[in-house]
Structures are given as C-alpha cells and as structure tokens.
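Worksheet: one structure, shown below.
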Amino acid sequence: MVVFTEKNVLSSHLSSLLKENKTIGLVPTMGALHQGHLSLIELSSKENDITVVSIFVNPTQFNNKEDLDKYPRTLDADIQKVETLNTSIIIYAPSVKDIYEETISSESFDYDGLELKMEGKHRIGHFDGVGTIVKKLFEIVNPSKAYFGEKDFQQLQIVKTLVKKHALPVEIIACPIYREKSGLAMSSRNERLSSESREKAAFIFKTLQRAKKLFATKSAKEVTKIVEEAFKKRKEFTLEYFEIADEETLNICKRKDKNKKYRGFIAVFIDNIRLIDTIVMN
Ligand code: AMP
C-alpha cells in the first residue's frame, strides 16, 4: 500500500499506470474508516486493477463548524485497516491546501433540484461542497469507476446527476449499506456516540423497518406521522426529518404509484450528533 499526499505526484503516478491500460477504481471517503467503507474498497479491488481510496475531510461540505472540527481524523488507524485487506491499495490523503490551494470555496451546481431536498434543505451548501470535491477527485484520479454508498442515497443520486450533466467519463457504482449488529447504519460519526447512545440509536433503523411494514397498508402521510410521533416520545432524539420519497426524483410521496420505487429517509440527532439512514419502502 502506498500513501500519497500531493495531487501532482499522485496524478503522474496514475497516468503512467493508465498508459499500461490499467483500470482505476476510486473510493472517496472522509476517513475514520469502518466496515462500510471497507466493503466499497473490496468491491473496487475486485472490479479494477488499481483502487485509490481518498481520505479527506472536505471543509466545503460542512455547514456546521463544530461538526467539521469534531469530525474524527484517524489516518494511522485508517491505513492499518486498509492494510488488513490483503490487496494493494493507493491511499490519497491530501491536506486542505493540496486540494483547494489558496481559496477554500465551492463551485455552484445545478442538480435539477435534487440539491434542494432533505440534506440539501437542512445543510445549506452541502451538495455544492460534495460536487466540488468529487469533481476535483475525478480530475486528479481519472477513475473508470467510482464507488458510493447507498447510506448517503441523496448524495449518490446527486453524484450520478453531476456525472451525467458534465459528461464525466466515470461509472458510478452504488454499494449497499453496512450495519452494526444492532441495525444502526455504520458511520464515522457513531464513534462520537457514548456507548449508551450507540445502543439507543438502534431505534432509528428499527423505526425505519416499522415504517416500511406500515407503508404496505398506510399512506406516506400516515406513516410519516407515526414515525414523527415515535421520535417525539423518545426524548434522547431530535428528529430533523423523515420523508418517504421517490428514489429517482426524491420528490415526496403524496399518492402511492405502484410503478415507482420509494425510500424512507431520516436525519436525527442524538447526543448532538447528526445521523442519517435510509430504507427501501416497497
Ligand atoms: P464518508 O466517509 O462518510 O463520506 O463515506 C464515504 C463513502 O462510504 C460514501 O460513499 C458513503 O456513502 C459510504 N458509506 C458510509 N457509511 C457506509 C455504510 N454504513 N455502508 C456502506 N457505505 C457507507
């Protein structure tokens, strides 16, 4: 395994590999790696000659300074975890300066309105930051495939839209959600939870599963109300949103259409830490 910290050095290394017709898979992460990340890396290693894992806590996608400051940064442990995979990986762990040079700012993107819903509505500027870093990483790495988790389903749809609109030569691969034994979706932010809260946070996925069951016989509006009531009763949580939306457009489900695929999306605070999750509803 090799670790690069400078984009110019990485790019020239990769361009010599590209000349040998090697395929490159990219797994963008913000580090504090867990099994969910490792599953993306493993899939990329199977499907490509070379896998590049970027580890970069991207400041422009944070709308909350405390969240950015407290985001876990564990590069040495991350490197060790990648080493256990038994496959040769390139890690790109740049500084903010290497990525942004003198100006830390994001480009503005139009994702056909996908950016105005859910995460975009509650984290202003978040998806401009995501688009900015993803586009920069694609330019530096030149991957033929890039791997994104369904845990951040809205991000996945946004990245697909970005690729389409800018005609970028990369295929986006969606990867399933990895969960802890309790059902809690794995997340780097789980590391910040107390062990008690981590146990309690299993309620999030339990409620999503319950919502899915209810959706078989009830309307989206009724199910949403039940979920909201359930969280009101649990004082340790603050529900930011629960929405049942069309997977493609992310438009809220008003009337069920059996030809459409719906997902439940949730963002909830516990211990002042914001967690998100999603579930297929039908
Ligand atoms: P992050 O480091 O949180 O920005 O995540 C990097 C990538 O890993 C994103 O594409 C995430 O969607 C994906 N990811 C994060 N958590 C999980 C998980 N529990 N299961 C699968 N993929 C995940």
Side-chain angles (χ1 to χ4, degrees), residues 25-47 51-64 67-68 70-75 77-79 81-82 85 89 91-94 99 106 114 118-119 123 126-138 141 143 145-163 170-193 198 201-202 204-205 208 247 263 265-268 273-280:
L26 171 67
V27 183
T29 82
M30 296 204 297
L33 300 183
H34 49 66
Q35 196 52 46
H37 295 118
L38 298 184
S39 70
L40 271 59
I41 300 172
E42 279 179 319
L43 182 60
S44 172
S45 305
K46 272 193 204 126
E47 295 187 346
T51 289
V52 177
V53 179
S54 61
I55 297 182
F56 180 63
V57 182
N58 174 36
T60 63
Q61 72 187 69
F62 283 79
N63 61 325
N64 175 329
D67 191 25
L68 171 63
K70 292 197 171 159
Y71 201 88
R73 291 161 171 87
T74 57
L75 184 59
D78 291 347
I79 291 172
K81 282 181 191 156
V82 173
L85 290 181
I89 305 284
I91 289 185
Y92 173 45
I99 291 285
S106 42
L114 292 178
M118 297 185 288
E119 291 301 284
R123 303 181 70 188
H126 172 64
F127 288 121
D128 282 338
V130 169
T132 302
I133 185 64
V134 167
K135 206 157 148 272
K136 280 180 188 288
L137 289 170
F138 287 171
V141 174
K145 291 183 180 177
Y147 297 77
F148 290 85
E150 289 184 342
K151 157 137 189 306
D152 301 276
F153 194 85
Q154 187 174 7
Q155 168 173 281
L156 173 68
Q157 297 300 52
I158 284 210
V159 171
K160 283 184 182 167
T161 306
L162 172 87
V163 164
V170 53
E171 185 185 348
I172 302 303
I173 310 291
C175 306
I177 303 176
Y178 256 72
R179 298 184 176 279
E180 300 189 358
K181 274 206 187 86
S182 68
L184 175 66
M186 286 188 185
S187 163
S188 305
R189 288 186 175 87
N190 293 354
E191 299 307 315
R192 293 180 49 211
L193 296 170
R198 200 159 171 157
I204 300 169
F205 185 54
L208 288 183
E247 267 199 4
R263 258 180 192 269
F265 295 87
I266 196 165
V268 60
I273 293 159
R274 188 173 182 279
L275 302 176
I276 61 170
D277 201 350
T278 173
I279 193 169
V280 171

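In listed order, ligands and their atoms are each counted from 1. By convention here, the first residue in the shown sequence is residue 1. Just the heavy atoms: all of them, side chains too, but no hydrogens, waters or symmetry mates, feed the values below.
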Is there a heavy atom of Ser39 sitting under 4.0 angstrom from any atom of ligand 1? no
Under 4.0 Å from a heavy atom of Ile177: which atoms of ligand 1 are those, numbered in the order shown and with their elements? 20 (N), 21 (C)
Could you tell me if the side chain of Ile279 sits less than 4.5 Å from the side chain of Phe205, heavy atoms only? yes
Protein residue, atom and distance nearest to atom 22 (N) of ligand 1, heavy-atom basis: Leu40 CD1, 3.6 Å
Have Ser44 and Thr51 got a donor and an acceptor in their side chains that come within less than 3.5 Å? yes
Report the nearest protein non-hydrogen atom to atom 20 (N) of ligand 1: residue, atom name, distance rounded to 0.1 Å. Tyr178 N, 2.8 Å
Exam field: side chain Gln154 to backbone Glu119, donor-acceptor pair closer than 3.5 Å: yes
Logged contact type for Val27 with ligand 1, heavy-atom cut-off 4.0 Å, is neither
Answer yes or no: is there a side-chain heavy-atom contact under 4.5 Å between Arg198 and Leu184? yes
Applying salt bridge (Lys or Arg N to Asp or Glu O under 4.0 Å) between Asp277 and each of Arg263, Arg179, Arg189, Lys151, report the one that passes. Arg179
Does at least one non-hydrogen atom of Pro176 fall below 4.0 angstrom from an atom of ligand 1? yes
Output the list of atoms in ligand 1 that are nearer than 4.0 Å to some heavy atom of Gly149, sorted by atom number. 9 (C), 10 (O), 11 (C), 12 (O), 13 (C), 22 (N)
Among all protein non-hydrogen atoms, which one is nearest to atom 12 (O) of ligand 1, and what is the separation to 0.1 Å? Asp152 OD2, 2.6 Å
Which ligand 1 atoms are under 4.0 Å away from a heavy-atom of Met186? 16 (N), 17 (C), 18 (C), 19 (N)
Show which atoms of ligand 1 fall inside a sub-4.0 Å distance from at least one heavy-atom site of Phe148. 10 (O)
Closer than 4.0 angstrom: is that true for some heavy atom of His34 and an atom of ligand 1? yes
Which of the atoms of ligand 1 are close to Met30, meaning less than 4.0 Å from one of its heavy atoms? 1 (P), 2 (O), 4 (O)
Within a reach of under 6.0 Å around OH of Tyr71, are more than 12 heavy atoms found that belong to other residues, nucleotides or ligands? yes
Just to be sure I read this right, does ligand 1 sit under 4.0 Å from the backbone of His37, its side chain, both, or neither, counting only heavy atoms? side chain
Could you tell me whether the side chain of Asp78 and the main chain of Leu33 form a donor-acceptor pair under 3.5 Å? yes
Pro28 heavy atoms, cut-off 4.0 Å: which ligand 1 atoms fall inside? 6 (C), 7 (C)
Determine whether Val53 and Leu40 make a side-chain contact, defined as any pair of heavy atoms from C-beta on separated by less than 4.5 Å. no
